[in-house]
Structure formats: C-alpha cells, structure tokens
Amino acid sequence: MGQVRYTVQQILEPRFARFSSDRSPTASRMVKAVLSVFLVLVGLSSIFAKYIPKTGKRIPQTLSRGWGDQLIWAQTYEEGLYWSRSRNKPLMVLFHLEDCPHSQALKKVFSEDNEIQRTLDEDFIVLNLVYETTDKHLSPDGQYVPRILFVDPSMTVRADINGRYSNRLYAYEPSDIKVLLSNMQKAKKLLKSEL
C-alpha cells in the first residue's frame with residue numbers, strides 16, 4: 001500500500017478557501033503565516049509549560065528549610081564565615097536531617113519561638129546544613145543531628161558553648177529551647193568581650 005503525501009498548501013487550501021473568496025496569493029500566504037506562527041507558539045508553550053505534580057503545587061524550597069523563613073541564611077559554611085567576619089556577628093551552624101524525627105521536633109519549636117527568631121535575625125549569621133562539612137572542628141564530639149555550634153568572627157569554633165547532654169555536647173531537644181537561648185546570649189557576650 002503506497003503512502004499518500006500532501007503538501008501543506010494542499011492541506012490548507014481547501015480549508016481556507018471559504019475565508020478567501022478572491023483566492024489571492026497574498027491572502028493565502030498571510031493565512032499560512034498566521035497559522036505557522038500560531039503552531040510555533042503552541043509548540044513552544046507545551047515545551048516550556050510548568051510541571052505541577054499530581055499532589056498539587058509544591059512550596060518553593062528556601063535555605064531556611066523551615067527553621068525560620070524570615071531569616072537570611074548563609075548558603076555554605078564558607079559564606080557563613082565570610083558574613084560572620086565582615087558583619088562582626090557570631091555564626092550559628094545547625095546540623096540536621098530532613099527525615100530525622102528529632103530534627104523535625106526541634107525545628108517545630110525553634111521556628112515558632114519568637115525570641116530565638118528575633119535574636120537570630122538581629123545578632124547572628126545563620127546556616128543550616130543537611131550534610132557534614134570537611135571542617136572537623138564542627139564535629140568535636142562526633143557527627144549526630146540535630147547539632148548546633150557557634151563560630152565567632154575570628155573563625156574560632158566555640159566548643160565551650162554546649163547543651164546539657166554529656167554524651168552529645170551540642171545536641172538540643174525541643175525542651176532545651178531555653179538552654180539554646182542562653183547559649184546564644186553567651187555567644188554574643190563572648191564575642192563582645194573578646195573583640
């Protein structure tokens with residue numbers, strides 16, 4: 001069975017004959033040009049259409065990862081150190097995992113505490129990491145989550161500012177928010193007394 005081939009002109013000519021009573025070549029070319037532009041636009045719009053998952057629209061991911069969306073978060077440890085030094089503010093580094101129940105529990109309390117959020121916004125450079133850094137000073141007693149350490153503008157990790165647990169010195173639980181706030185105040189005072 002042979003293939004039947006048609007040119008674009010043969011396909012379009014009968015359909016547009018009713019629109020063009022005089023069948024002038026100019027009108028026919030104009031219709032073809034408009035149709036061609038339309039087809040190109042339809043093709044491009046399907047290529048650049050935004051994918052929406054079946055579960056609905058997703059909330060855009062920010063550097064805060066839910067720990068304080070109104071705060072300005074450093075993107076990397078190096079950027080956090082630079083901002084800490086240039087702005088003369090301590091850096092608070094928060095290690096966590098998205099699927100860790102302890103991290104999730106602390107995140108909920110941490111993000112809802114207005115005093116912590118205000119103190120961080122006014123007096124700290126903040127960084128949260130879901131991976132370990134190559135700087136071994138940020139894991140003085142091991143790699144666990146959630147873990148919070150403070151670094152002063154001279155780029156010294158404040159290993160002396162820790163939580164209340166002897167087996168995980170830099171761990172905080174939701175009930176330790178007051179301890180964390182107290183340690184944040186210590187980090188600010190040490191910063192001022194050393195510089």
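Not measured: the values here are computed from a predicted model. When a residue number appears, it is its place in the shown sequence, counting from 1.
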Any idea which heavy atoms bring I116 and M184 closest together, and the distance?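 Nearest pair, atom of I116 first, then M184: O-CE, 3.9 Å.
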What are the two closest heavy atoms between S111 and G66, and how far apart are they?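 Where S111 meets G66 most closely, the heavy atoms are CB-O, 3.4 Å.
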Tell me whether the count of non-hydrogen atoms from other residues, nucleotides or ligands lying under 6.0 Å of [atom1] in [X] goes above 12.
X	atom1	result
M30	CE	no
I72	CD1	no
N114	CG	no
Q70	CD	yes

What distance do [X] atom [atom1] and [Y] atom [atom2] have between them, rounded to the nearest 0.5 Å?
X	Y	atom1	atom2	value
H96	I148	NE2	CD1	10.0 Å
R118	D113	CZ	CG	9.5 Å
Q75	N128	CD	CG	11.0 Å
S103	F95	OG	CZ	12.0 Å

Do M155 and L149 share a hydrophobic cluster, counting only Ile, Leu, Val, Met, Phe, Trp and Tyr and linking them when any side-chain heavy atoms are less than 4.5 Å apart?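 Shared cluster, yes.
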Do you reckon L169 sits in the same ILVMFWY cluster as V157, going by side-chain contacts under 4.5 Å, direct or chained?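 Same cluster: L169 reaches V157 through Ile, Leu, Val, Met, Phe, Trp or Tyr contacts under 4.5 Å.
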Side-chain touch [X]/[Y], heavy atoms, less than 4.5 angstrom:
X	Y	result
L129	L94	no
L120	F110	yes
Y77	L91	yes
Q104	D99	no
F124	F150	yes
L127	M92	no

Could you tell me if R147 sits above the aromatic ring of Y170, with its cationic atom closer than 6.0 Å to the ring centre and no more than 45 degrees from the axis?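 R147 over Y170 ring: no.
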Does the ring of W67 carry R65 above it, NZ/CZ under 6.0 angstrom from centre and within 45° of its axis?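 R65 over W67 ring: no.
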[X] (side chain) donor-acceptor with [Y] (main chain) under 3.5 angstrom:
X	Y	value
S84	G80	no
S139	G142	no
D176	E173	yes

In terms of side-chain geometry, is the basic nitrogen of D123 or K89 positioned less than 4.0 Å from the acidic oxygen of its partner?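 No, D123 and K89 are not salt-bridged.
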Ion pair E112/K107, N-O distance below 4.0 Å: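 Judged by the 4.0 Å cut-off on N to carboxylate O distance, E112 and K107 do not form a salt bridge.
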Please determine, by modelled atom types, if D141 and Y144 share a side-chain donor-acceptor pair under 3.5 angstrom.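 Checked: D141/Y144 side chains pair up, N/O donor to acceptor below 3.5 Å.
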Can you name the one residue among D135, L81, T156 that meets side chain to side chain contact (heavy atoms under 4.5 Å, CB included) with V151?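 Among D135, L81, T156, the one meeting side chain to side chain contact (heavy atoms under 4.5 Å, CB included) with V151 is L81.
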Chi angles and distances behind the side chain to side chain contact (heavy atoms under 4.5 Å, CB included) call for L106, I177: CA-CA 9 Å; L106 181 61; I177 285 297; 4.2 Å; yes
